[in-house]
Protein chains: 2
Amino acid sequence: MNNEGQEREAGGREREFRGVEARPRNWLVPVILLSLREWNSYGYELMERASAFGFEAMNPGTLYRTLRQMEKEGIVESSWETSKGGPARRMYTITDAGRSYLDFWAKSLEQYQHTMDNFFRLYTGRPLQDKNKEEGGQKK
Amino acid sequence: MNNEGQEREAGGREREFRGVEARPRNWLVPVILLSLREWNSYGYELMERASAFGFEAMNPGTLYRTLRQMEKEGIVESSWETSKGGPARRMYTITDAGRSYLDFWAKSLEQYQHTMDNFFRLYTGRPLQDKNKEEGGQKK
DNA sequence: ATACTCTATGTGCATTTTACATATATGTAT
DNA sequence: ATACATATATGTAAAATGCACATAGAGTAT
C-alpha cells in the first residue's frame, strides 16, 4: 500500500486507512478454476499464476486450504504426482461441476460489472440514475 | 495420499451454487461515502440509497454498525437531528479524510476493473499471456 | 388509552472469509 | 552437513458479513 491511503494527523488524533482496496469476495476459487480449465496444475504453480493475475497477496495457507475445500465440494479432483523431482505435488483437475461453477460465477461477475460502472458514473460527477430508468451513459 | 471421499455431484448442466456471487469486499463504505458526498444523510435513508444502487441485501445491523465504525475512523461525523417529525436521526457528514478515502478506493477500483477484464478475456477463450508451460494437460 | 404501523437506531451472536505464523518434508547445490 | 528452493499443510486470529432481535418516537385508527 502506498501512503495515499493515510490521513495526516489532525488535532492530535492520528488516523490511518487499513486495507483500502477494491477486491471481490470468493475471488480465489474462480481464478483457480479458470487456471485448471486451461491445464491441470498444483498448489504452488497455481499460486504463481494467481499472482500473475493480479493477486500478489495470496498466501500459501489460504490457497491450499481452499483447494482442499474445493475438492470436498466436488469442483476439483486431485492425486499425488511423484514422477517429477522435488517434493510430491498434489495435481488438481477441474470437474464438470467445476466448469458449471465457473460459468455461474462468470454470469454473476457480469452483473457486478454494471454495478461498478454505476459507481464510477456517480463518482465522476454524473447524477445518480434510478435503477428502473437506466440509460446508457458513456464511461469515464 | 488418496482421493478420499469427495462428494461427486457432477453434471454438465448448470445448477444452483449456494452463495456463488461476484461481490466486492468493503463495498459498503465507499457507497456510503459516495452518497454522503452528494448530501448529508442518515442510516435509514442511506439504506434505501444503497439498495437503489444494487445492494438489496443490505440489512440494518450491518449498515448502522459500519457507520459507527466509520466515525471512529474519522471518515464521517455525526450529530442528532430532532427537528423533523418521527424518531431522531443521526445525521452524517463526510469529512476530508472521507473524501481521501473515497478517492483512494476509486483508484483501487479502476485497477481492479482491469483485472476483471483479464479474467473475462481468459474466460471467453482468448489467450492472455504466458502459455509456455503445457505440462499435465486435461486427462479427463 | 390502547393498539398498531412506520420510521429510526442499535446490540448480540454465529458464520464465513481472509490473514498471519508456523510446521513438515524432499530434492539440489555448495 | 547445511543451506536453499520447492511443495503442502495446520492452528489461530482477525475481519467481514448475516441473522435475529431489542428499543423507541410519532402518527393513526379503534
Side-chain angles (χ1 to χ4, degrees), chain A residues 1 16-32 40-51 54-73 76 78-92 105 112, chain B residues 1-4 17-32 40-51 55-73 76 78-92 105 112 133 135-136:
Chain A
M1 296 273 89
E16 69 175 29
F17 301 147
R18 56 188 169 61
V20 181
E21 205 175 342
R23 266 188 297 173
R25 304 167 61 193
N26 311 322
W27 181 240
L28 186 54
V29 171
V31 165
I32 290 171
N40 296 344
S41 188
Y42 54 97
Y44 199 86
E45 191 186 51
L46 286 165
M47 212 154 45
E48 291 169 339
R49 296 203 69 201
S51 77
F55 295 91
E56 0 224 340
M58 187 47 53
N59 67 88
T62 302
L63 180 83
Y64 287 113
R65 214 191 308 265
T66 299
L67 280 167
R68 304 307 298 270
Q69 181 58 31
M70 288 169 73
E71 184 161 22
K72 251 187 212 157
E73 289 166 7
V76 297
S78 79
S79 59
W80 285 103
E81 179 189 88
T82 50
S83 57
K84 307 290 190 305
R89 301 165 173 173
R90 188 184 282 277
M91 290 294 291
Y92 283 92
W105 202 86
Y112 166 50
Chain B
M1 191 160 294
N2 54 4
N3 299 1
E4 65 217 49
F17 291 99
R18 185 175 150 275
V20 180
E21 202 177 344
R23 266 186 301 170
R25 301 164 63 194
N26 311 324
W27 184 236
L28 185 55
V29 172
V31 165
I32 290 171
N40 297 344
S41 188
Y42 53 98
Y44 197 86
E45 190 185 51
L46 286 166
M47 213 156 44
E48 290 168 342
R49 296 202 68 198
S51 78
F55 296 91
E56 324 266 348
M58 186 47 52
N59 66 86
T62 302
L63 181 84
Y64 288 113
R65 198 181 275 115
T66 299
L67 281 167
R68 304 308 294 271
Q69 181 58 32
M70 289 169 72
E71 185 161 23
K72 248 188 214 157
E73 289 167 6
V76 297
S78 79
S79 60
W80 286 105
E81 180 189 88
T82 49
S83 56
K84 307 288 190 305
R89 302 164 173 175
R90 189 183 281 276
M91 288 295 289
Y92 283 92
W105 203 88
Y112 167 50
K133 200 158 189 183
E135 95 180 51

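Chain naming here is simple, since letters A, B, ... match the order of the sequence lines and numbering starts at 1 in each.
- Side-chain atoms of B/Arg65 and base atoms of C/dG12 include a donor and an acceptor less than 3.5 Å apart.
- Rounding to whole angstrom units, CD of residue A/Glu73 and C1' of C/dT16 are separated by 12 Å.
- For the atom pair A/Tyr92 OH and A/Glu81 CD, the distance stands at 13.0 Å (nearest 0.5 Å).
- Straight-line distance from the CD atom of B/Gln69 to the C1' atom of C/dT11: 15 Å, rounded to whole Å.
- Listed nucleotides C/dT9, D/dA7, C/dA8 differ in distance to B/Pro87; the shortest reach to its side chain belongs to C/dA8.
- The listed nucleotides are C/dC20, C/dA8, D/dA7; the one nearest the side chain of A/Asn59 is C/dC20.
- Here the C1' atom of nucleotide C/dG10 and the OH atom of B/Tyr64 are 8 Å apart, to the nearest Å.
- Nearest-nucleotide positions on DNA chain D for A/Gly61 and A/Ala88 put A/Ala88 closer to the 5' end.
- Across all their heavy atoms, A/Glu45 and A/Asn40 have their closest contact at OE1-O, 4.3 Å.
- Between A/Tyr42 and D/dA7, a side-chain N or O to OP1/OP2 separation shorter than 4.0 Å is present.
- Note on A/Arg90: every side-chain N or O is 4.0 Å or more away from OP1 and OP2 of D/dT8.
- The side chain of A/Pro60 approaches D/dT8 more closely than any other nucleotide in the set D/dT8, C/dA19, C/dA8.
- Nearest heavy atoms, A/Asn59 versus A/Met47: C-SD, 4.3 Å.
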Item to check | A/Glu71 and A/Arg68: CA distance, side-chain angles, deciding distance, side-chain contact (heavy atoms from CB on, under 4.5 Å) verdict | outcome: CA-CA 5 Å; A/Glu71 184 161 22; A/Arg68 304 307 298 270; 4.2 Å; yes
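- Atom-to-atom, CE of A/Met91 to C1' of D/dA7 comes out at 13 Å; the value is rounded to the nearest Å.
- The closest side-chain heavy-atom distance from B/Met91 to B/Tyr42 is below 4.5 Å.
- Listed nucleotides D/dA7, C/dA8, D/dA9 differ in distance to A/Tyr44; the shortest reach to its side chain belongs to D/dA7.
- Between the CD atom of A/Glu45 and the P atom of D/dA7 there is a distance of 8 Å, given to the nearest Å.
- When the side-chain nitrogen and oxygen atoms of B/Arg68 are compared with OP1 and OP2 of C/dG10, one or more of them lie within a distance under 4.0 Å.
- Residue B/Leu63 contributes atom CG, which lies 10 Å from atom P of C/dG10 at whole-angstrom precision.
- D/dA9 atom P lies 12 Å from atom CE of A/Met47, rounded to whole Å.
- With rounding to whole Å, B/Ile32 atom CD1 is found 11 Å from D/dT17 atom P.
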